[in-house]
There are 2 protein chains.
Amino acid sequence: MRDGGSITIKEVAQLAGVSIATVSRVLNHHASVTADTEQRVREAMLELGYNRNEVARSLKIRHTRTIGIIAPELSNTFFMEVVETMDCILTPHGYTMIICSSNDSVQEEQRKLQVLIERNVDALVVIPASDEGGHFLTKALSGIPVVLVDRKIPALHVDTVLTDNRYGVRQLVAGLVHEGFSRIGFIGGDMHIPTANERFHGFLEAMDDHKLKPEKEFVLMDGAMNQYSGRALMEEALSRPNHPDAFLFANDSLHLGATTYVTECVSPEVRSKLVFASFDYLHYAPLLRFCHYAAAQPMEKIGKAVAALVLKRLEQDWSGYPEEVVLRPEIKVMSANGGIPFMIVRAETPVQ
Amino acid sequence: MRDGGSITIKEVAQLAGVSIATVSRVLNHHASVTADTEQRVREAMLELGYNRNEVARSLKIRHTRTIGIIAPELSNTFFMEVVETMDCILTPHGYTMIICSSNDSVQEEQRKLQVLIERNVDALVVIPASDEGGHFLTKALSGIPVVLVDRKIPALHVDTVLTDNRYGVRQLVAGLVHEGFSRIGFIGGDMHIPTANERFHGFLEAMDDHKLKPEKEFVLMDGAMNQYSGRALMEEALSRPNHPDAFLFANDSLHLGATTYVTECVSPEVRSKLVFASFDYLHYAPLLRFCHYAAAQPMEKIGKAVAALVLKRLEQDWSGYPEEVVLRPEIKVMSANGGIPFMIVRAETPVQ
DNA sequence: GTGAAAGCGCTAACAG
DNA sequence: CTGTTAGCGCTTTCAC
């Protein structure tokens, strides 16, 4: 906003020879304006290059038509794909998104939350950095829609849309077992990230279903769920004697890191026996050559569900609050890598 | 902004037993407030859970501490990595970013520009959807910093930060030639995308440098520069008789699509002879198994340069305007795939 | 050091 | 159908 430069309704009114109220009326499509007057006003606006000042308007009407988004990372394809879908739906409704990164830190998440509150966002969508979400309990948020995505915060009773992690992991294990594997390694992440936690427990349950025992030395997890830890954990697993050939990864980054490590550093003899399964299926998934089964998160469905929920609450429809939408991942069988189609196991988790 | 719910300085003033002017003073760290008064005000703010209303503030001070960003896609790692770096620098300076997607369409770009103008962004950063940028010439933008990233718009004389595309492509060609290839196919994209254009012309120049002739049937380009076109174009190239073994790709998506196609559909005999070089080097680059050389765009450097430029202009330092920062990509030799280190060819393009 | 008051650009009664 | 006017919450002279 450069000083003094911008045109206001006052100047438009003057040029059109009407009052500012009339200008405001044509701006807001109030019916009660003569076609002729409207014409004059429109011409004046065009001639002056008028642009409505949304911040003045927001101050007056007491909302901003802005949705705040907080995600742990901007450079994460999964998150941004979801956000992109939301954008496609929200934009036609006149909403603009302020997207913030929490940089995977609760502290930064708190700071960004503060910023968004001060900017009077009409609604808030957050992919939490962890299961610690006390800062969302502030009364500054009371009355404004908040929807949690991908990761649940137990203490927060708000609308939530999630992927069915347990279902996904069970299917992946089922695929591996169907191929004949009875020993399966697990490579996961921080138990404070709800998704990591659920995927791990889903793994334990699935193994139990098949009367299989997880082996402690081959259930590896550390704080991060990134490429580097995937690499390191894979190296650690393969360095141990008598390691399994089948591994399950809790997300795409771990999987990617592990695949890179194996491709670059592991002998063809052991490499050729390796079989992977993993959560996530992103655009580069076809290159993950050891992968037989993947649980593709329905990013578009998630985005649509979130947008619908936000819009619904924004219209003051609070029916069913708080809603929990659980979406199933799609199980991909990567036959090009040797995956074998198998019967999807009976679901014990909610449908859709 | 839920109606009536929020606390204003008025209420804080009342509770603290001072005037709203005083509250405003402590909010803005004006020295001329007694420690004692400040204490009382701070306590009142805490007790009431006061949050400053940035929109009211913006209206008064005539700027929003908001930077508008327009990118062609949100789910593009390259763009978002740049934005993420900017965020890290801009946030500590008190700026917030509104990130918009133009969905690769000039029309949508225009619409988002309008939104950002109406929201009074203090500065604008845009990764253009094409070389058509007439809409940025509007006088509503006069006086506010605009910086173009990655793609230049000839008609727009504003600060710009670019990757040295010609340099990158020349190096890639040099690597391939050094390995002994004299026939090199080129797979690129729409000439209206400035990067695609430059990379193509860089290819022609580089071939010329080495006294090599590009072969029309193996210089393939179509509108999109995505995975699907990469796949299709690769298929087309390989279906022609007597195709070259070396191929250069104008970006990562084309490269990824082609690699997928080759991996899945091409016989081991021809596959084993294929050697790729490509612009871009993203996190999954190690999986691109036919790639010997890649030009890694310096995403962090780009982000830093953009942020610095924005900050400089925001401080009303218009020296050197319009600046054009050209950053060199880093040439990666992927020895794990068979790449051979080679002498970087003499640069004829600006350094740094 | 602190308060009173004007006004940023816009919307929405309320009159006419 | 149109104009006048009173704020939205905040900052900022200008007095005291």
Side-chain angles (χ1 to χ4, degrees), chain A residues 1-42 44-45 48-66 94 117-120 122 140, chain B residues 1-42 44-45 48-65 94 117-122 140:
Chain A
M1 197 196 283
R2 56 260 150 275
D3 306 358
S6 43
I7 308 294
T8 72
I9 47 170
K10 215 165 167 179
E11 298 158 72
V12 175
Q14 200 152 29
L15 183 66
V18 298
S19 75
I20 58 166
T22 300
V23 178
S24 175
R25 283 187 192 104
V26 347
L27 237 25
N28 294 296
H29 306 103
H30 272 256
S32 63
V33 182
T34 315
D36 177 59
T37 322
E38 173 166 354
Q39 174 75 3
R40 288 214 317 285
V41 172
R42 290 232 121 86
M45 298 200 300
L48 295 170
Y50 171 77
N51 289 295
R52 176 190 251 169
N53 184 332
E54 265 294 333
V55 359
R57 175 165 210 258
S58 292
L59 178 59
K60 182 64 191 175
I61 64 179
R62 312 179 66 79
H63 58 258
T64 54
R65 300 203 282 149
T66 299
I117 288 174
E118 293 182 349
R119 297 197 177 231
N120 292 334
D122 291 344
Chain B
M1 198 196 285
R2 57 258 150 277
D3 306 358
S6 42
I7 309 294
T8 72
I9 48 170
K10 213 164 167 178
E11 298 157 72
V12 175
Q14 200 153 28
L15 183 66
V18 298
S19 75
I20 59 167
T22 299
V23 178
S24 175
R25 283 190 190 102
V26 346
L27 237 24
N28 294 295
H29 306 104
H30 271 256
S32 64
V33 182
T34 314
D36 177 60
T37 323
E38 174 166 354
Q39 174 74 3
R40 288 213 317 286
V41 172
R42 291 233 121 87
M45 296 200 302
L48 295 170
Y50 171 77
N51 289 295
R52 178 189 247 168
N53 184 332
E54 265 294 333
V55 358
R57 175 165 211 257
S58 292
L59 177 59
K60 182 65 190 176
I61 64 179
R62 310 178 67 77
H63 58 257
T64 53
R65 302 202 282 150
I117 288 175
E118 293 181 348
R119 298 198 175 229
N120 291 334
V121 293
D122 291 345

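Between the side chain of B/R25 and the base of C/dG3 there is at least one donor-acceptor pair of N/O atoms closer than 3.5 Å.
Here the side chains of A/Y50 and A/L27 are in contact, with some heavy-atom distance below 4.5 Å. Between A/N120 and A/H63, the closest side-chain pair of non-hydrogen atoms is not below 4.5 Å.
C/dC10 atom C1' lies 8 Å from atom CG of B/L59, rounded to whole Å. Rounded to whole Å, the distance from CG on B/N120 to C1' on C/dC10 is 12 Å. Computed from coordinates, the A/K10 NZ to D/dT4 C1' distance equals 14 Å when rounded to whole Å. Whole-Å rounding puts the A/I9 CD1 to C/dA12 C1' distance at 12 Å. Rounding to whole angstrom units, CD1 of residue A/I61 and P of C/dA13 are separated by 13 Å. Atom CZ of A/R119 and atom C1' of D/dC10 are 15 Å apart (whole Å). Separating the CD atom of A/E118 from the P atom of D/dC10 is a distance of 10 Å, rounded to the nearest angstrom. One can place CZ of B/R65 at 14 Å from P of D/dC10, the figure rounded to the nearest angstrom.
Taking only side-chain atoms of B/N53, from C-beta outward, the nucleotide of D/dC10, C/dC8, C/dC10 with the closest atom is D/dC10.
Taking side-chain N and O atoms only, A/S58 has no distance below 4.0 Å to OP1 or OP2 of C/dC10. B/S19 has no side-chain polar atom (N or O) that falls below the 4.0 Å cut-off from OP1 or OP2 of C/dT2. Distances shown here put a side-chain N or O of B/R57 below 4.0 Å from the OP1 or OP2 atom of D/dT11. Phosphate contact (OP1/OP2 of D/dT11, side-chain N/O of B/N28, threshold under 4.0 Å): present. Contact check, B/Y50 against D/dG9: no side-chain N or O comes under 4.0 Å of OP1 or OP2. For B/T37, a side-chain nitrogen or oxygen approaches OP1 or OP2 of C/dT2 to under 4.0 Å. For the pair B/R62 and D/dT11, the criterion of a side-chain N or O lying under 4.0 Å from OP1 or OP2 is not met.
Comparing A/S32 and B/L27, the nucleotide of DNA chain D nearest to each residue sits closer to the 5' end for A/S32. Nucleotides of DNA chain C nearest to A/A21 and A/A56 differ in position, and the one nearer the 5' end is that of A/A56.
Among the heavy atoms of the strands lying under 4.0 Å from B/T34 are primed sugar atoms or P, OP1, OP2 only; no base atom is included. At a threshold of 4.0 angstrom between heavy atoms, the contacts of A/R52 are confined to the sugar-phosphate backbone, with no base atom among them. Within the nucleic acid shown, B/V18 comes within 4.0 Å of sugar-phosphate atoms alone, with no base atom in reach, counting heavy atoms only. Residue B/S24 is in base contact, counting any heavy-atom pair closer than 4.0 Å across all strands shown.
With hydrogens and angles disregarded, a donor-acceptor distance shorter than 3.5 Å links the side chain of B/T8 to the backbone of B/K10.
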Evaluate side chain to side chain donor-acceptor pair (under 3.5 Å) for A/R25 paired with A/T37, printing each intermediate quantity in order.
-> CA-CA 11 Å; A/R25 283 187 192 104; A/T37 322; over 6 Å; no
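No more than 12 heavy atoms of other residues, nucleotides or ligands shown are found within 6.0 angstrom of CD on A/Q14.
Ion pairing between A/R57 and B/E118 fails under the 4.0 Å rule for side-chain N and carboxylate O.
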